[in-house]
Structures are given as structure tokens and as C-alpha cells.
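Remember, predicted model here, so these are calculated numbers, not experimental data. Order of appearance sets the numbers: ligands from 1, and atoms from 1 within every ligand.
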Amino acid sequence: MPSNVLIDVQKLEKKYGDNEVLKEIDGTVAAGQVICVIGPSGSGKSTFLRCLNLLEQPTSGQVLFEGKDTQTLNETELTTMRERMGMVFQNFNLFPNMTVLENLKLAPIRVKHMSDAEAGEKALNLLKRVGLGEKTDVYPASLSGGQQQRVAIARALAMDPEVLLFDEPTSALDPEMVGEVLAVMKELAEEGMTMVVVTHEMGFAREVADQVWFMADGYILEKNEPNELFNHPQNERTQDFISKII
Ligand code: ADP
Ligand code: MG
């Protein structure tokens, strides 16, 4: 195994009651890699992502982050691990009662004990980076969905994460706003950010992913480089899924 593995998933299983949602999931994410996870609705993609940072407790198996079994972390280590795995959700999850700048400053001040001035400067730089340097003092509700999602990405970056996990970041957006969010994500990928992206944007997966993982019924049925996976899917389920979406 390469030494730069950040996330190592071994025989991960998750059950909700009798419902086995994740079955024998194995996979590694190396530093700088972009993994796109695709597959039909209900196949376990969100659950998989949430098991990576223990928003969901796996039923069995292991998730190693930077070589450490996440199940063995104490409270402090768990908090640190979650800081290092930033997450971006479908519905942005911004704090509605705070300005854009306050949204970005909150965690660095509270969790990292950054000074207000330092957090503010960092927040402004990140907002400029996602093209929203003029929106510091507005509230999320006054922004478009695409702008809100770019704020959410900037907020995740404010904690200097090692990895970013995205759960269908463009699925809640009007079609004309999808591009601006994907452009920010593509730029991050080019800058070397490690990312695991659950997405239905096959163009993005094709262009940006180092590997695409196809999930169905709780299994990762196929993993490959995007060109191989999209042009020569091996598994029948992958073939079927791809023929329907492309
Ligand atoms: P996807 O993101 O691929 O659409 P999910 O991971 O959301 O799939 O869901 C996979 C399966 O797990 C579904 O059958 C869903 O109903 C079930 N599931 C997800 N979260 C929960 C939960 N908190 N409690 C019970 N069942 C859940
Ligand atoms: Mg989902």
C-alpha cells in the first residue's frame, strides 16, 4: 500500500436494524486523490461518507484515518479527526442567523482558538478564492444556492482540512448554478486537495476524479479510473447504470 494513504477502509459494514446498508466496503484514499462515488439512490453513498468521519457508527469493519483506527479515538481525538475531514452537504447547512463572514469565522475561533482578526482575514481570503469577497456581511438567505454552496466550501476550508467529503454538493442547485460550484471544486482538486465526492455529475467525475467508485446495494461493485469505468464498465450493474445516465 502506498505510504501516503489518508483513509483506509477495511470490511466496513453498516446495518440499520435488519437493513444491511454497507457490505464489506474496502477502499483507500491517498493524499491528493479525488475519488468520485457514484451509484443509484439508496445504494449507501451518504452512509458510506458519514461512516468515514463517524457521523455514523459503523456496525463492523474499520476506518483508518492517517493510520489510526477511528473507533479507538477519544473525544478530543474525534473532534480533531472531524476537523481534518471537512464535509460539504447537499443543503449547504450554513448558519442562517450569521453573516457569511461569521459563518466562516465561527469554528476557527471556537475550536482552533484563532483570534477574531486572524479568523476574519482568513475568512476573507477564502471568500475571495470562491469568488465571494464582496459578500462578507450578508446573510445566507440573500444568496443564491450556488453562492451558498461556495460559502459552505469556504467554511469547510477555514479549518484547513486534510480531506474534504462532499455529499451531492450540486444536487439541490438550479441547473444554471451547478457549474460555478463544480468550478470551485475542480480548482481545489487541481491545488491538490484530497476529496471524496458523492455526485451525479458524470462530466465532473470524468474530468476531475482519479478514481470512480460505483456503489449499488451497499457494495462498491467497481472501482476504476474514470475513462475505464465509463467507457468499459465491467460489472453488469455499472453498465446498466451508466447506460441510463449518459
Ligand atoms: P444514498 O446516499 O446512496 O442514496 P443512503 O446512504 O442515504 O443512500 O441510504 C442507504 C440505505 O440506508 C437506504 O435504504 C436508507 O433508507 C437507509 N438509511 C440511511 N440512513 C438511515 C438511518 N439513519 N436510519 C435508517 N435507515 C437509514
Ligand atoms: Mg445520499
Side-chain angles (χ1 to χ4, degrees), residues 7-29 34-63 65 70-71 78 82 85-94 145-146 148-149 152-153 155-156 161 163-175 177-178 181-182 185 194-206 208-209 211-224 226 229-230 233 235-246:
I7 305 175
D8 184 6
V9 180
Q10 297 173 0
K11 290 203 165 41
L12 174 65
E13 301 197 313
K14 176 67 183 175
K15 287 184 192 170
Y16 293 110
D18 291 336
N19 188 9
E20 214 178 334
V21 174
L22 298 179
K23 302 160 186 163
E24 294 173 34
I25 303 273
D26 287 306
T28 58
V29 182
V34 177
I35 307 287
C36 282
V37 181
I38 64 169
S41 180
S43 55
K45 304 182 299 296
S46 294
T47 306
F48 170 63
L49 219 53
R50 296 166 65 82
C51 280
L52 293 183
N53 61 0
L54 289 196
L55 285 180
E56 292 289 346
Q57 190 65 33
T59 306
S60 63
Q62 286 189 315
V63 177
F65 180 57
T70 53
Q71 307 269 1
L78 192 61
R82 292 220 178 97
M85 282 205 223
M87 191 146 183
V88 175
F89 301 90
Q90 186 173 335
N91 292 310
F92 331 131
N93 293 7
L94 295 172
Q148 289 188 54
Q149 192 60 299
I153 292 170
R155 186 178 62 175
V163 188
L164 278 182
L165 311 176
F166 293 85
D167 194 358
E168 299 200 29
T170 60
S171 293
L173 300 178
D174 291 333
M177 291 166 190
V178 170
V181 172
L182 293 180
M185 292 167 62
T194 312
M195 318 201 317
V196 182
V197 185
V198 173
T199 187
H200 294 293
E201 294 295 330
M202 297 303 145
F204 177 84
R206 219 180 235 283
V208 179
Q211 277 211 336
V212 180
W213 296 357
F214 173 70
M215 276 191 82
D217 296 334
Y219 292 100
I220 295 179
L221 289 181
E222 193 162 347
K223 293 189 188 110
N224 217 331
L229 191 119
F230 287 117
N235 189 288
E236 216 171 285
R237 294 289 302 272
T238 323
Q239 288 166 5
D240 183 54
F241 181 76
I242 285 170
S243 72
K244 284 180 180 143
I245 50 156
I246 288 182

If we only consider heavy atoms of Gly218, is any one of them less than 4.0 Å away from an atom in ligand 1?
no
Can you list the atoms of ligand 1 that are under 4.0 Å from a heavy atom of Asn19?
14 (O)
Polar protein atoms near the Mg ion (ligand 2) [N, O or S; cut-off under 2.8 Å]
Ser46 OG
Between Leu164, Leu165, Val34, which is the residue that forms a side-chain contact (heavy atoms from CB on, under 4.5 Å) with Val196?
Leu165
Hydrogens and angles aside, do Glu13 and Thr59 bring a side-chain donor and acceptor to less than 3.5 Å of each other?
no
Would the distance check show the side chain of Glu222 and the main-chain N or O of Asn235 forming a donor-acceptor pair, the cut-off being under 3.5 Å?
yes
Under a 3.5 Å distance rule, please check whether Lys23 uses its side chain to pair with a backbone N or O of Asp217 as donor and acceptor.
yes
Nearest protein heavy atom under 4.0 Å from atom 16 (O) of ligand 1, yes or no:
no
Can you tell me if Lys223 uses its side chain to pair, donor with acceptor, with the backbone of Leu229 under 3.5 Å?
no
Which residue and heavy atom of the protein sit nearest atom 13 (C) of ligand 1, plus the separation:
Gly42 O, 4.1 Å
Atom 8 (O) of ligand 1: the protein heavy-atom neighbour that sits closest, reported with distance to 0.1 Å
Gly44 N, 3.1 Å
Would you say atom 21 (C) of ligand 1 makes contact with the protein, given that contact here means a non-hydrogen protein atom less than 4.0 Å away?
yes
Donor-acceptor pair, side chain of Gln148 and main chain of Leu94, under 3.5 angstrom:
no
Hey, are the side chains of Met85 and Ile7 touching, using non-hydrogen atoms and a 4.5 Å cut-off?
yes
Please classify the Val21 to ligand 1 contact at 4.0 Å (heavy-atom distances, strictly less than): side chain, backbone, both or neither.
side chain
Proximity of Asp167 to ligand 1 by residue part, where a heavy atom lies under 4.0 Å
neither
Among protein heavy atoms, which lies nearest atom 6 (O) of ligand 1, and at what distance?
Thr47 OG1, 2.5 Å
Got Val198 and Glu168 here, is their nearest side-chain heavy-atom distance under 4.5 Å?
yes
Quick one: do the Gln10 and Asp8 side chains pair a donor with an acceptor below 3.5 Å?
yes
What is the nearest protein non-hydrogen atom to atom 7 (O) of ligand 1, stated with its residue, atom name and distance?
Ser46 CB, 3.8 Å
Under a 4.5 Å cut-off applied to non-hydrogen side-chain atoms, are Ile242 and Met202 in contact?
no
What is the nearest protein non-hydrogen atom to atom 19 (C) of ligand 1, stated with its residue, atom name and distance?
Tyr16 CE1, 3.6 Å
Close side-chain approach of Phe48 and Leu12, heavy atoms under 4.5 Å
yes
Which of the ligand 1 atoms, numbered from 1, are nearer than 4.0 Å to a heavy atom of Pro40:
3 (O)
Relative to Tyr16, does Lys14 satisfy both conditions: NZ or CZ under 6.0 angstrom from the six-membered ring centre, and within 45 degrees of the ring's axis?
yes
